[in-house]
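One structure is given below, encoded as structure tokens.
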Amino acid sequence: MNGNVTAWGDYHLYTLTNCHHTRVDISDLGATLVHFVVTGKEQVPVNLVLGYEAPEDYLQGKAYLGGVIGPWANRIANGRFEMEGRVVQLEQNEGENHLHGAHAGLHSKQWQLEHLSRNRILLSTSVKAGEAGYPANINIQVSYRLTDDNTLIIDYEAEADQMTPINLTHHAYFNLNGGVRGIADHQVRIDAEMYFEIDPQSIPQRKCFVGDTPMDFRTLTHLASRLAANDAQVEAVGGFDHCWCLNGFGLRQVAEVQCVETGLGLRMLTDQPGLQFYTGNALVEPQGRNQGYHQHDGFCLEAQCYPNQVNMLNAVACYYWPGKAYRQTTAYQVMSLKQE
């Protein structure tokens, strides 16, 4: 194998690099982001994403660490929706909900390598009609590109041979201190005026203004106080696992996270309407690096359409068919914080 390919059990790790010695390792297992190593304060390397050491741990883990998620990311109430006058029933794998594609999940498939260079990789996989109840054959491609300004750009494309809902996202768990402690000291900003209030099954119920609630991240806000907020929505899930309705359209900056300890920040750009901000509330992964992971050890910034959108008035916006391909671009840019 050449220098940027490493055998990894029955799978491979493909390494992307740039002029700043940033290293990104992607696996053909789930198109997973396994390592994202950058230089922090005093030239100390920091791995920004949580993960496991062995592919078997990714297959056995319950947290979707680092994987590409689909064909439908997030939840569908009762795993059911109506499309073209007929009811479609998907596999229910989270109580009554369909979550993250169930057994058709892209995060556990072995993807095919289509292209590899020093700073870009293209991988592909497919879902067969009937897998987890999906009504179409779906071909998916995902590319990662690492730029010299420390931006990891993820491009998603999917084509279906019949009408089907598609909603892809990325489930990297970030921790800007390298995972040596939790994320409570991070500061977060989300460019959104509204979010979805959720029911006890984590299904969106209604849009609400973020003002005067713990959901207001319109300016950089320390996460610790918000995680401890006396608020029914926060307490119901042990943190945040909600979808924000992002301002603007097209590819634009929608979120930012900072960690003063390591002097690192993370900017997120996307062309999607929704952002699921998840604070690892149910994270219990004893096989994780650094002696395992626990609640609030990482956060996810998941760009997507709205959870359960297939059961909303704008359901058709997330349906795809021959001639209408799914496309998404999301980027994570690492930056060094200016020292005062």
Pairs involving residues 255-276, ordered by first then second residue, that meet ring pair (Phe, Tyr, Trp, His ring centres under 6.0 Å) (sequence neighbours left out)
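Residue pairs with at least one partner in residues 255-276: there are none.
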Applying ring pair (Phe, Tyr, Trp, His ring centres under 6.0 Å), which residue pairs with at least one partner in residues 116-137 are found, sequence neighbours left out?
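Residue pairs passing ring pair (Phe, Tyr, Trp, His ring centres under 6.0 Å), neighbours aside: His98-Tyr134.
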Contact check, side chains of [X] and [Y], non-hydrogen atoms, under 4.5 Å:
| X | Y | result |
| --- | --- | --- |
| Ile121 | Leu113 | yes |
| Ile183 | Leu223 | yes |
| His170 | Glu302 | no |
| Val284 | Gln295 | no |
| Ile140 | Val127 | yes |
| Asn18 | Asn119 | no |
| Tyr195 | Phe277 | no |
| Leu106 | Ile69 | no |

Should Leu33 and Val24 be marked as a side chain to side chain contact (heavy atoms under 4.5 Å, CB included) after you check the CA-CA gap, both sets of side-chain angles, and the distance that decides it?
CA-CA 7 Å; Leu33 174 58; Val24 169; 3.6 Å; yes
Of all heavy-atom pairs between [X] and [Y], which one has the smallest distance, and what is that distance?
| X | Y | value |
| --- | --- | --- |
| Gln253 | Asp191 | O-OD2, 4.1 Å |
| Leu168 | Ala73 | C-CB, 4.3 Å |
| Leu29 | Ser108 | CD1-O, 4.0 Å |
| Leu275 | Leu301 | CD1-C, 3.6 Å |
| Ile26 | Leu123 | CG2-CD1, 3.8 Å |
| Val310 | Tyr319 | O-OH, 3.8 Å |

Show, in sequence, the C-alpha distance, side-chain angles and deciding distance for Val210 and Phe217, and conclude whether the side chain to side chain contact (heavy atoms under 4.5 Å, CB included) test is met.
CA-CA 8 Å; Val210 300; Phe217 289 99; over 6 Å; no
Let's go through Tyr144 and Tyr14 carefully: what are the C-alpha distance in whole Å and the side-chain angles of both, what is the deciding distance for ring-ring contact (aromatic ring centres under 6.0 Å, His included) to 0.1 Å, and is it a yes or a no?
CA-CA 11 Å; Tyr144 293 86; Tyr14 303 98; over 10 Å; no
Apply the hydrophobic cluster definition, ILVMFWY joined by side-chain contacts under 4.5 Å directly or through others, and give me every member besides [X].
| X | value |
| --- | --- |
| Met194 | Phe209 |
| Phe196 | Tyr306, Met312 |
| Val237 | Ile198 |

May I have the step-by-step check of side chain to side chain donor-acceptor pair (under 3.5 Å) for Thr262 and Asn177, ending in yes or no?
CA-CA 6 Å; Thr262 55; Asn177 64 45; over 6 Å; no
Are [X] and [Y] connected, step by step, through hydrophobic side chains (Ile, Leu, Val, Met, Phe, Trp, Tyr) whose heavy atoms are closer than 4.5 Å?
| X | Y | answer |
| --- | --- | --- |
| Leu246 | Leu269 | no |
| Val316 | Met163 | yes |
| Ile154 | Leu122 | no |
| Phe174 | Leu220 | no |
| Leu59 | Val34 | yes |

Any pair with a residue in residues 83-92 that passes side chain to side chain donor-acceptor pair (under 3.5 Å), sequence neighbours left out, goes on the list, sorted by first then second residue, please.
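The answer is Arg80-Gln89, Glu91-His103, Gln92-Glu96.
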side-chain contact (heavy atoms from CB on, under 4.5 Å) against [X], all qualifying residues, sequence neighbours excluded:
| X | answer |
| --- | --- |
| Ala54 | Glu56, Asp57 |
| Ser124 | Gln112, Glu114, Gln141 |
| Asn74 | Gln276, Gln304, Pro307 |
| Ala77 | Ile203, Asn308 |

Output, in order, the C-alpha distance, side-chain angles, deciding distance and verdict of side chain to side chain contact (heavy atoms under 4.5 Å, CB included) for Val5 and Leu116.
CA-CA 9 Å; Val5 182; Leu116 179 64; 3.5 Å; yes
Mind checking whether [X] and [Y] have parallel, tilted or perpendicular rings, split at 30° and 60°?
| X | Y | result |
| --- | --- | --- |
| His242 | Phe240 | perpendicular |
| Trp8 | Tyr58 | perpendicular |
| His171 | Tyr173 | tilted |

Is [X] reaching over with its side chain to a backbone N or O of [Y], donor-acceptor style, under 3.5 angstrom?
| X | Y | result |
| --- | --- | --- |
| Asp28 | Gln110 | no |
| Arg226 | Asp216 | yes |
| Asn281 | Leu283 | no |
| Lys324 | Ala160 | no |

Ionic contact status for Lys109 with Glu131, cut-off 4.0 Å
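Result for this pair is yes, salt bridge flagged.
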Distance, nearest 0.5 Å, that separates [atom1] of [X] from [atom2] of [Y]:
| X | Y | atom1 | atom2 | value |
| --- | --- | --- | --- | --- |
| Ile190 | Cys245 | CD1 | SG | 11.5 Å |
| Cys243 | Met215 | SG | CE | 11.5 Å |
| Thr147 | Arg120 | OG1 | CZ | 13.5 Å |

Does anything in residues 235-253 form a salt bridge (Lys or Arg N to Asp or Glu O under 4.0 Å)? List the pairs, not counting sequence neighbours.
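Every pair satisfying salt bridge (Lys or Arg N to Asp or Glu O under 4.0 Å) with a residue in residues 235-253: Arg75-Asp241.
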I'd like to check the side chain to side chain donor-acceptor pair (under 3.5 Å) partners of Thr329; sequence neighbours left out, ordered by chain and number.
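Checked Thr329 against side chain to side chain donor-acceptor pair (under 3.5 Å); matches are Asp155.
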For His100 and Tyr64, what are the C-alpha separation, side-chain angles and deciding distance, and is it a ring-ring contact (aromatic ring centres under 6.0 Å, His included)?
CA-CA 9 Å; His100 292 342; Tyr64 305 93; 4.6 Å; yes
Glu285 and Lys62: salt bridge (Lys or Arg N to Asp or Glu O under 4.0 Å), yes or no, with the steps?
CA-CA 8 Å; Glu285 294 294 325; Lys62 305 299 183 184; over 6 Å; no
Could you walk me through whether Gln328 and Thr330 pass the side chain to side chain donor-acceptor pair (under 3.5 Å) test, one step at a time?
CA-CA 7 Å; Gln328 180 198 147; Thr330 292; 2.6 Å; yes
For Ile138 and Ser126, run side chain to side chain contact (heavy atoms under 4.5 Å, CB included): C-alpha distance rounded to whole Å, both residues' side-chain angles, the deciding distance at 0.1 Å, then the answer.
CA-CA 6 Å; Ile138 309 171; Ser126 62; over 6 Å; no
